[in-house]
Amino acid sequence: MINQEIQIFNTRSRKKEKFTPLNSPFIGMYVCGPTVYDDVHLGNCRTFMSFDLIYRYLIYVGYKVRYVRNITDAGHLEGDRDEGGDKFAKKAKLEQLEPMEIVQKYTLGFHEVMRLFNTQPPSIEPTATGHISEQIEMTKQIIESGLGYVANGTVYFDVEKYSTTNYYGSLSNRKLEELLEGTRELGGQDEKKGRLDFALWIKAKPEHIMRWPSPWGWGFPGWHIECSAMSTKYLGTTFDIHGGGMDLIATHHTNEIAQSQACNHFEPVKYWMHTNMLTVNGVRMSKSAGNGFLPMELFTGKHKLLEKGYSPMAVRFFMMQTHYRSTLDFSNEALQASEKGFDRLMNAVKTLEKIKPSDKSTSDISSLHSKCFEAMNDDFNSPVLIANLFEGARIINSINDGKETISISDLDLLKKTFRGFIFDILGLQVEKSSASNDDLANNLMNLILEIRNEAKTKKDFSTSDKIRDGLAKTKIIIKDTKYGTTWEKEK
RNA sequence: GGUCGGGUGGCCGAGCGGCUAGGCUGAGCUCUGCAAAAGCUCCUACACCGGUUCAAAUCCGGUCCCGACCUCCA
């Protein structure tokens, strides 16, 4: 039973649309996954965290979602054409490894990072190498439809011919002539008929290690066909949501649409969703700019641009504080602000569990509850959601201070709201402070705090302050609350 | 050059015709042996120039900046 009406910004129409699944309550969602020839890029992580939020919310409101996110472990040329070479083979040569060793290494690394960020695994995570025959089959069908042609063992998609009956550049709102202007002239060596034509299947050169037999000889699949083939296989010829980074709009997703139209004669996707880029101090994070850092470097703080390490949950919270269609700028200042805000919210979560109900409520909890849904229904607006949760935190703290009251039913609703939106939807989790589940530390601290409290009772403040200051030097922070003294390790 | 987004208070970041989010920082107050934490209060902003409107950060026109894509990239 779905009782929320969700608005989604569709890249296709460039506006928000009411979300109506093709076959409610079932939803098919495909997200372009990583190419596993190197460590995951943080920008990639942001995209996957954004879709994780979307996936979690759709499930929360009652949909049955099949979430498919591929692993690209084959092919992918370095450049526009078949010069350059295979990314995996190239990296393999560099590291003296088998291509599939590279794939395995970085796939595991990718999964580890996704786990640290607390993202839900997709329902299906298909690999390109596991779907070679599907890709060959699709290529064959495109040739049969007259939109693919073979040149010297490589198969190309005929964009200009396709354009006579379809609007090729519709997703990025570009006219064919404009697109042609942006491309260079074909040289005499070119096998392609048109400048915009792209490869569906690529003939393997002798040095290519990763290769498969096909009707056109030994080769490997082109860059865009895997997503078309695998999304069709697992989600059907038309499915609800297709996502990825904004940089995929102009080429990758445009070509996916063309391939699916040529093969299946359907628009493959109802709602196209694209996440914005990640910048560092205002500049897009990229290897060439030298301003990129790895997820692990972010966690440990071992990078020249980072003043300190930031926990995976602080980073996740930071990302959720920006809407997925806005650029997100990484800076130490912004990260630290988020980290503190995250702590405040999590402290409110803890406080919520020990609050005592009264006869009546001084705040409108049900309004807060529905505002949280409204925020998420409006194109998954997590920043507004978080603002509402902070309003909840304010209420919780006031109740805890005895300045406000809450009824039993409102308390239940508030708990439900907080647990649902913070843990289930935003995918945040309490970070186990290394000390709190350590019995030895707990016992020692209890003893120390007992001694300090005895000193305080005797007004022996020099002793009590000596304990507090001494602990502070070892990064342990003491807080005297009206319910007793608590301690925690400084982050 | 073409296409598409932006320019919001000290910083980050929502909003996108009237009710002027939120976080961080700073100041004051309450509480406290003192701190810390917590609460309350304050700092009221929308690049610039015109226009539409009873009313514009929000719409229209122009100007100046910034970014993305057009070439592998989430």
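Quick note: numbers below take in every heavy atom, side chains included, and nothing from hydrogens, waters or symmetry partners. Every value quoted in this text rests on a predicted model; they were computed, and no experiment measured them. A note on names: the letters A, B, ... follow the listed sequences, proteins ahead of strands, and every chain is numbered from 1.
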Base, sugar-phosphate, or nothing for [X], non-hydrogen atoms under 4.0 angstrom?
| X | answer |
| --- | --- |
| A:N381 | sugar-phosphate |
| A:G43 | base |
| A:R468 | base |
| A:I249 | nothing |
| A:H323 | sugar-phosphate |
| A:L278 | base |
| A:K340 | sugar-phosphate |

Starting from [atom2] on [N], measure out to [atom1] on [X] and report it in whole angstrom.
| X | N | atom1 | atom2 | result |
| --- | --- | --- | --- | --- |
| A:F330 | B:G67 | CZ | P | 20 Å |
| A:N173 | B:C4 | CG | C1' | 8 Å |
| A:N453 | B:G33 | CG | C1' | 13 Å |
| A:N332 | B:G23 | CG | P | 22 Å |
| A:L449 | B:A36 | CG | C1' | 14 Å |
| A:M277 | B:C73 | CE | P | 11 Å |
| A:F318 | B:C11 | CZ | P | 16 Å |
| A:R174 | B:C4 | CZ | C1' | 8 Å |

Checklist entry - Under the criteria of a ring-centre distance below 5.5 Å and an interplanar angle below 30°, is A:F390 stacked with the base of B:G23? => result no

Which nucleotide wins on minimum distance to the side chain of [X], given the candidates [options]?
| X | options | value |
| --- | --- | --- |
| A:E333 | B:C11, B:G13, B:C4 | B:C11 |
| A:N397 | B:A36, B:A14, B:G39 | B:G39 |
| A:A387 | B:C73, B:A21, B:C24 | B:A21 |
| A:R452 | B:C11, B:G13, B:G33 | B:G33 |
| A:S398 | B:C72, B:G33, B:G39 | B:G39 |
| A:V384 | B:A38, B:A21, B:G33 | B:A21 |

Presence of [X] side-chain N/O under 4.0 Å of [N] phosphate oxygens OP1/OP2:
| X | N | value |
| --- | --- | --- |
| A:K456 | B:G33 | no |
| A:R344 | B:C24 | yes |
| A:S326 | B:A14 | yes |

Checklist entry - With respect to A:F117, which candidate in A:F318, A:F317, A:F299, A:F48 satisfies the ring pair (Phe, Tyr, Trp, His ring centres under 6.0 Å) definition? => result A:F299

Item to check | From A:W272, A:Y67, A:F51, residue fulfilling ring pair (Phe, Tyr, Trp, His ring centres under 6.0 Å) relative to A:H242 | outcome: A:W272

Next on the checklist: Both distances below 3.5 Å, Watson-Crick or wobble geometry, any strand: find the nucleotide opposite B:A57.
Outcome noted: none

Next on the checklist: If we ignore hydrogens and angles and just use 3.5 Å, is the side chain of A:E5 paired with the main-chain N or O of A:K18 as donor and acceptor?
Outcome noted: no

Next on the checklist: Is it the case that the side chain of A:S260 and the backbone of A:I257 share a donor-acceptor pair, with hydrogens and angles ignored and the cut-off at 3.5 Å?
Outcome noted: no

Item to check | Side-chain donor/acceptor contact of A:D465 with base of B:G33 under 3.5 Å | outcome: yes

Checklist entry - If you measure from CD1 on A:I355 to CD1 on A:I396, what distance do you get to the nearest 0.5 Å? => result 5.5 Å

Next on the checklist: Between A:S361 and A:D410, is there a side-chain donor-acceptor contact under 3.5 Å, judged purely by atom types and distance?
Outcome noted: yes

